[in-house]
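As structure tokens, the structure follows; a few thoughts come after it.
Sequential numbering from 1 along the given sequence is applied to the chain's residues. A quick note: this is a predicted structure, and the numbers were derived from the prediction, not measured.
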Amino acid sequence: MKKFERLRHIRYFSHSLRTLPKQYSSADTNRLSLVHFCVQSLDILNCLPVDSTDALICGTAGEDVYVNREEIVDWIYGLGTVLPIMTVDNNNNNTCCVGGGGGFKGSNYLGPISNDKDSNDNHNAAARHPYDHSHIAMTYVALCTLQALGDDLSRIDKHAILSTLQGLQKPNGSFVALSHTTTTSTSTDKGDVEAEDDCDLRFMYAAIAVWYILTNHDQLNLENKQENNNKQDYYDYINIETATQYILSCKSYEGALGLTPGREGHGGSTFCGIASLYLLGVLDDVMSREELRGWKDDLIYWCVMRQKSLMKKVVNDDNDDDVHDNNGYVEEEEQPAGMVGRPNKKEDTCYSYWIGGTLYLLSSSHLMDGWALREYVLKCQSPYGGFGKVVGAMPDLLHSFYSMAWLTLSTEDGCCDEEEEDDEDDDDEDEGNGDVVYESEMRIQVRESIDKLSKLDCALGMCAKRVR
């Protein structure tokens, strides 16, 4: 088994927080996601401070890893947007919104316009660019990152974000990705605007995760409701029933979930749908419905079958005829097996988490070959730190983060504990093979280097360690 290069990963993610290759310049609008990948990965590696007052030193791993915590937190809060203000264009009789909606944007590539005397006032919606709006996915990663950095979210206007979230949910239960503040509509083109809405299970998941984080951890909820009987119940911000129905409408004939109704089942959208049901608290209820009898089995089967077995021919140095089967085929043995996102696709490290996480939420991770999958992910490590999409690929932040996420999950439920005792029995026989001799040692190192996650951690994308 390949060694887990913990120190190199720490250096890779901490360095990426300071500077990135020029190829990432096209992802500037999603810069907050890149920060999210780095911070969450460092959190998994136990390199973020437990004490929120520790601003700079985020852990040691042979050498100090310096991350300016307060600078990152302030930068994230600077990406916050404000609630919309309705305005009317008398010339065209159109109604539009100005302002960003409660939430966060991906970066500061487009900020407030500067030709207004009040443009420095972040709460003056009229002073902001009409396209300076929040995005539900960016709001999700902002909250996760703040939580990982130990922030208490005290500077967040939860009501503003939840109110915007409420307006993003469509009648069919799905969620629009962008706040409606950039939408200009009339009665004649309303249908066209709705048809162009960017909404699928990715944004359903982001919206529900935001709702869960902000509502499940407001310690003053009950006190506020006692003081103000008119305070809106947090369960009123989203329609759980229609959201559940939309997720179920995305079910494909295979049992997996597509991004939208009628589309092909996909590993990423399947995780988003199942994790959303889990966070809504309806997963067990849905799986036990009479009209959905058999769906859970189909879904689990689909996920397990996404693990692609890599085979290699057995080399017969002694010209032993026993390695050939009856039909003259050379005997093959299984090798580390990665996950694919859809049938007939190549394996990809990020699906280790998407599909492995889905099975984990369904309490069925023991049905896949967890050890082979973890070994495949470790073979995708880069000598520079981080993980590539496939074996031999250059590392990138997305695949590095989700590889770390799967390695975290793989320490749970004993899915990688089979045949542990065989390693000791074979030590003498395999003394000349370094990979085999140190296999048991590497298993222990991986387990000790990576934290364990609960199902809630898995569903929330690993921010729950600091949320609870």
[X] side chain to [Y] backbone, donor-acceptor under 3.5 Å:
X	Y	result
S174	K170	no
T349	G388	yes
E254	W302	no

In Å, rounded to the nearest 0.5 Å, how long is the span from [atom1] of [X] to [atom2] of [Y]?
X	Y	atom1	atom2	answer
I76	T145	CD1	OG1	5.0 Å
L146	I156	CG	CD1	5.5 Å
I213	L153	CD1	CG	8.0 Å
R8	K3	CZ	NZ	8.5 Å
D396	Y24	CG	OH	5.0 Å
K105	H133	NZ	NE2	10.0 Å

What closest approach, in Å, do [X] and [Y] show between heavy atoms, and which atom pair accounts for it?
X	Y	answer
S269	L201	O-CD1, 3.6 Å
S33	M138	OG-CE, 3.1 Å
S107	D28	OG-O, 2.8 Å
S382	P395	OG-CD, 3.5 Å
I355	G267	CG1-CA, 3.9 Å
L279	W211	O-CZ3, 3.9 Å

Do [X] and [Y] come close enough that some side-chain heavy atom pair is under 4.5 Å?
X	Y	value
L277	D284	no
L259	C250	no
V304	I300	yes

Mind checking whether [X] and [Y] have ring centres under 6.0 Å apart?
X	Y	answer
H399	F37	no
Y402	W354	yes
F401	F13	no

Quick one: sort the H159 and Y237 rings into parallel, tilted or perpendicular, breaks at 30° and 60°.
->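 Correct class here is perpendicular.
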Indicate the ring-plane relationship of Y353 and F271, choosing parallel, tilted or perpendicular according to the 30° and 60° boundaries.
-> tilted
Under 3.5 Å, is there a donor-acceptor pair between the Y77 and D151 side chains?
-> yes
With a 3.5 Å cut-off and no angle check, do the side chains of S363 and K455 form a donor-acceptor pair?
->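 Distance-only check passes for S363 and K455.
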Under 4.0 Å between a Lys/Arg side-chain N and an Asp/Glu carboxylate O for R155 and D74?
->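 Salt bridge flag = yes for D74 with R155.
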Of Y205, Y212, F175, F104, which is the lone residue that meets ring pair (Phe, Tyr, Trp, His ring centres under 6.0 Å) with Y140?
->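 Filter result, single survivor: Y205.
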Applying salt bridge (Lys or Arg N to Asp or Glu O under 4.0 Å) between E264 and each of K345, R342, K251, report the one that passes.
->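 Running salt bridge (Lys or Arg N to Asp or Glu O under 4.0 Å) over K345, R342, K251 with E264 returns exactly one hit, R342.
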